[in-house]
Amino acid sequence: QLQLVESGGGLVQPGGSLRLSCAASGFTLDYYGIGWFRQAPGKEREGVSCISSSGGSTKYADSVKGRFTISRDNAKNTVYLQMNSLKPEDTAVYYCAAVRRCLSIATMPTAPDFGSWGQGIQVTVSS
């Protein structure tokens, strides 16, 4: 069964950085696009960034553009989300999911195209 596990979250001060990891278990990530999503308290889950299976296409929500960088290391079967210049409004539970394609944030699916949601990882930005 396709399963992704998020890690790397935590508490960070505004302006700080974190790197989230999305690791695949039991299958090869090479053939899948990966999306990062987040859900803040009282809000709907939203797409943050995505990367195509080849890594050739990356997209970012306007709210994180210039601060977040998505990348993948297929040799390590892992996708990363480097988050810099973090703001309190970035506080949320972050999820990764396998997606069919990465064309734009607006067309990111509302649910994983493959597999299901993992437990997510908490990111808290606070002084």
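- Contact of the Tyr60 side chain with the Arg67 side chain is not registered, since no non-hydrogen atoms from C-beta on lie closer than 4.5 Å.
- Scanning both residues, Thr78 and Lys76, for their nearest heavy atoms gives OG1-O, 2.8 Å.
- No donor-acceptor pair under 3.5 Å is formed between the side chain of Ser57 and the backbone N or O of Ile51.
- Contact between Ser85 and Ser17 at its shortest, heavy atoms only, is N-OG, 4.3 Å.
- The closest donor-acceptor contact from the side chain of Gln39 to the backbone of Val93 lies at 3.5 Å or more, if one exists at all.
- Between the Ser21 side chain and the Gly8 main chain, no donor and acceptor come within less than 3.5 Å of each other.
- For Lys65, the NZ atom counts as densely surrounded, since its 6.0 Å shell holds more than 12 non-hydrogen atoms of other residues, nucleotides or ligands.
- Remark: side-chain polar atoms of Arg72 are not paired, donor with acceptor, to backbone N or O of Gly33 under 3.5 angstrom.
- The cluster map of Ile, Leu, Val, Met, Phe, Trp and Tyr, joined by side-chain heavy atoms under 4.5 Å apart, puts Val79 and Ile105 in different clusters.
- Counting heavy atoms of neighbouring residues, nucleotides and ligands inside a 6.0 Å radius, atom CZ of Arg45 exceeds 12 of them.
- Residues Leu29 and Leu4 are in side-chain contact: their nearest non-hydrogen atoms beyond the backbone lie under 4.5 Å apart.
- In this structure, Leu2 is a member of the same hydrophobic cluster as Trp36, with clusters built from ILVMFWY side-chain heavy atoms closer than 4.5 Å.
- Considering only heavy atoms from C-beta on, Thr58 stays 4.5 Å or farther from Cys102 through its side chain.
- Here the SG atom belonging to Cys96 is positioned 10.5 Å from the CD1 atom belonging to Ile121, to the nearest 0.5 angstrom.
- Closest of all the heavy-atom pairs between Ala61 and Gly47 is CB-O, 3.8 Å.
- For the pair Gln82 (side chain) and Thr69 (backbone), a donor-acceptor distance under 3.5 Å is absent.
- Enclosure of atom CD in Glu89 by more than 12 non-hydrogen atoms of other residues, nucleotides or ligands within 6.0 angstrom is indicated.
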- Task: Given side-chain contact (heavy atoms from CB on, under 4.5 Å), test Ser126 with Leu11 step by step and report yes or no.
- Result: CA-CA 7 Å; Ser126 175; Leu11 172 65; 4.2 Å; yes
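- Following chains of ILVMFWY side-chain contacts shorter than 4.5 Å, one cannot reach Ile34 starting from Val99, and the two form parts of different hydrophobic clusters.
- With sequence neighbours excluded, the residues that form a side chain to side chain contact (heavy atoms under 4.5 Å, CB included) with Met83 are Leu18, Leu20, Phe68, Leu81, Leu86, Tyr94, Val123.
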- Test log, rule salt bridge (charged side-chain N to carboxylate O under 4.0 Å, His left out), inputs Asp90 and Lys87: CA-CA 5 Å; Asp90 295 318; Lys87 304 175 180 180; over 6 Å; no
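- Under the 4.5 Å side-chain contact rule for hydrophobic residues, Tyr31 and Phe27 share a cluster.
- Taking the side chain as every heavy atom from C-beta outward, Ser53 and Tyr32 never approach each other to under 4.5 Å.
- Between Lys59 and Ser49, the shortest heavy-atom distance links the atoms O-OG, 2.8 Å.
- Cluster annotation: Phe37 is not connected to Tyr80 through the hydrophobic network of ILVMFWY side chains, with a link wherever side-chain heavy atoms come within less than 4.5 Å.
- Scanning all heavy atoms of the two residues, the minimum distance from Pro112 to Ser116 falls at CG-C, 3.8 Å.
- Between Gln119 atom CD and Glu6 atom CD the span is 8.5 Å, to the nearest 0.5 Å.
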